[in-house]
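We name chains A, B, ... by the order of the sequence lines, and we start the count at 1 in each one. Keep in mind the model is a prediction, meaning the values are calculated, not measured.
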Amino acid sequence: MSGDARRSIESKSQKLKAPSMPNTFHLEIVTPEKMIVRDDAEEMQIPGKGGYLGILPGHAPLITELSAGELSYRNGGQTHRYAVVWGFAEVLPDKVTVLAEAAERPEDINVNLARDQKQRAEEHLKNGKSEDDFTRAEEELKAAETRLEVAGKRA
Amino acid sequence: MANILDIRRRIRSVINTRQITRAMKMVSAAKLRRAQERALAARPYAQMLTNVLKSLVSRVELYDPLTGELRHPLLAQRPESNVLFIVVTGDKGLAGAFNTNILKAATRFLDSKKDKNVEIEAIGRKGRDFLKRRYPVAEPRAADSKEGSGVALIGEHIGVLNKLEYSMVSGIADRVVERYSNEAIDSVYLVYNEFKSVIAQRLVVEKILPIEHIGTAEVSQAEDMTLEEKQRAIEAAKGTGVGLRPKDTRDIDAAAEKFATAPVDYIYEQPPEELFRSLLPKYVKIEIFRGLMESVAAEHAARMTAMDAASNNATDMIDSLTLAMNRARQAKITKEIIEIVSGAAAS
């Protein structure tokens with residue numbers, strides 16, 4: 001009974017702050033090794049395969065593949081960035097789940113390794129024989145460039 | 001009669017050995033706990049991926065309705081003439097029969113594929129050493145090569161198990177997927193020690209490719225632990241903080257179940273067929289990754305059990321040596337008394 005009363009007060013105060021929609025959504029980023037992010041976010045950007053997608057709370061249900069790129073989200077005025085290599089995302093109105101093969105924070109990226117990777121990929125692009133070699137080299141190059149770019153945004 | 005001093009020296013040396021084996025046991029227990037935690041942390045991704053694929057399978061027709069062709073090369077079943085066999089052992093010994101058992105199972109598998117070309121990829125030093133002694137080292141076969149090569153070792157990965165990373169597995173799996181897709185190999189098997197808990201382990205040969213059912217691996221050869229092995233494992237796990245039950249994964253699994261399967265109309269940014277195509281290779285990767293992680297846990301568990309047995313044997317040995325020493329001392333005293341008494345009687 002007292003619980004009910006409290007709930008109604010809470011819902012009233014929430015109504016005052018946000019008239020129709022909660023202003024955050026739940027976010028999970030999962031890699032093969034572990035769950036690296038479990039947080040709330042006010043907005044986020046994901047590197048969809050067909051281009052970047054901006055997501056706000058209440059987004060329509062969506063499923064997309066992610067390509068190499070920068071994933072960022074904002075929570076309480078702080079922006080968190082991750083370099084994603086390949087991923088898969090499910091967007092629901094109140095929750096976003098991202099499966100990523102690798103998701104690194106700017107400060108965790110090994111810049112030297114990324115430079116090597118970039119160089120290797122460029123060589124492969126030049127000397128590649130088959131179509132497969134070429135696509136793979138291109139993916140590698142994109143991943144390396146993403147890493148370098150995100151690493152450049154260290155807080 | 002054994003020299004008392006010699007026996008005492010031996011007892012001291014056995015006590016030292018026991019100290020070392022006990023320490024190794026505790027180290028293995030700690031490593032085992034960490035390996036179990038890692039396996040648990042890796043579960044959400046694996047489960048989510050599996051669930052997405054399962055739900056996509058129901059949405060996507062596996063055969064193209066227009067051409068009748070299979071949607072994905074990794075599902076293609078071909079007559080098996082070129083086999084890739086991945087053997088997962090440990091890098092180090094002193095783990096009881098861990099490595100031997102795996103290699104026995106591997107040999108049995110190889111015997112069953114006698115009339116085929118088998119390429120072996122060894123993960124772990126112990127397996128590499130054994131297989132290199134028995135089979136020639138060769139380059140991976142080209143896709144269009146016609147000649148039969150019998151059994152050959154085509155790759156080795158040493159020192160990767162200690163710090164197992166997904167990126168390493170990813171490299172191995174990429175090559176496997178590529179070679180399967182361009183028909184250089186017709187099937188891929190993985191032999192490893194499956195580990196659910198200290199007392200729930202199996203030695204399995206799993207068929208990785210072609211994929212037959214998503215979510216359940218096809219096991220073509222399996223060996224359970226014997227009752228005796230289980231008892232020994234329970235004994236060894238006592239007081240180490242290693243649980244006997246498999247970790248509770250129900251919450252993780254329930255959460256993963258919901259991934260990408262909510263009862264809503266999703267907007268698909270890419271057509272489901274395309275998603276299916278790019279997700280399937282990731283499934284192969286995660287299967288191999290999981291196998292390797294379980295093998296690492298199993299290796300630590302085997303070492304823990306072996307070191308526990310060694311410590312117990314040392315204790316037994318100390319007991320019997322102590323008995324022998326006491327007997328020898330008693331005999332010496334008795335002899336002296338007799339000498340004194342007979343000396344007194346004579347005089």
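Residue B:N182 does not touch chain A at all, counting heavy-atom pairs closer than 4.5 Å. There is no contact between B:A46 and chain A, counting heavy-atom distances below 4.5 Å. B:L49 touches chain A through backbone and side chain together, each having a heavy atom under 4.5 Å away. Of the atoms belonging to B:F259, heavy atoms from both backbone and side chain fall under 4.5 Å from chain A. Neither the backbone nor the side chain of B:S181 comes within less than 4.5 Å of any heavy atom in chain A. For B:V169, no part lies under 4.5 angstrom from a heavy atom of chain A. Heavy atoms closer than 4.5 Å to chain A are found in both the backbone and the side chain of B:E165.
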(Q) Between A:E33 and B:Y45, is the side chain to side chain donor-acceptor pair (under 3.5 Å) condition met? List the steps. (A) CA-CA 8 Å; A:E33 282 171 10; B:Y45 180 94; over 6 Å; no

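Side-chain contact between B:K282 and A:F88: absent, with no pair of heavy atoms (C-beta onward) separated by less than 4.5 Å. Residues B:M48 and A:E28 have side chains in contact (heavy-atom distance under 4.5 Å, counting atoms from C-beta outward). When side chains are defined from C-beta on, B:I267 does not count as touching A:I63, because their heavy atoms never get closer than 4.5 Å.
In terms of non-hydrogen atom pairs under 4.5 Å with chain A, the most contact-rich of B:L40, B:V264, B:L279 is B:L279. Chosen from B:M293, B:K285, B:E269, B:E274, the residue pairing most often with chain A at heavy-atom distances under 4.5 Å is B:E269. Ranked by non-hydrogen atom pairs under 4.5 Å with chain A, the options B:R290, B:Q270, B:R43, B:R38 are led by B:Q270.
Counting all heavy atoms, side chain and backbone alike, A:W86 lies closest to B:S278 at CZ2-O, 4.2 Å. Annotation for B:P44 and A:M35: closest pair CB-CE, 4.3 Å, computed over non-hydrogen atoms. Shortest non-hydrogen contact noted between A:P32 and B:A42 is O-CB, 3.1 Å.
With a 6.0 Å radius and a threshold of 12 heavy atoms from other residues, nucleotides or ligands, B:D248 has its CG atom above the threshold. Shown here is A:N127, whose CG atom has more than 12 heavy atoms of other residues, nucleotides or ligands within 6.0 Å. Counting non-hydrogen atoms of neighbouring residues, nucleotides and ligands closer than 6.0 angstrom, the CD atom of B:E139 reaches no more than 12 such neighbours. Heavy atoms from other residues, nucleotides or ligands lying under 6.0 Å from NZ of B:K207 number more than 12.
Listed by sequence position, A:V91, A:L92, A:T97, A:L99, A:A100, A:E101 are the residues of residues 91-104 of chain A in contact with chain B, using a 4.5 angstrom heavy-atom cutoff. For residues 72-84 of chain A, heavy-atom neighbours of chain B at less than 4.5 Å comprise no residues at all.
To the nearest 0.5 angstrom, B:L275 atom CG is 8.0 Å from A:K49 atom NZ.
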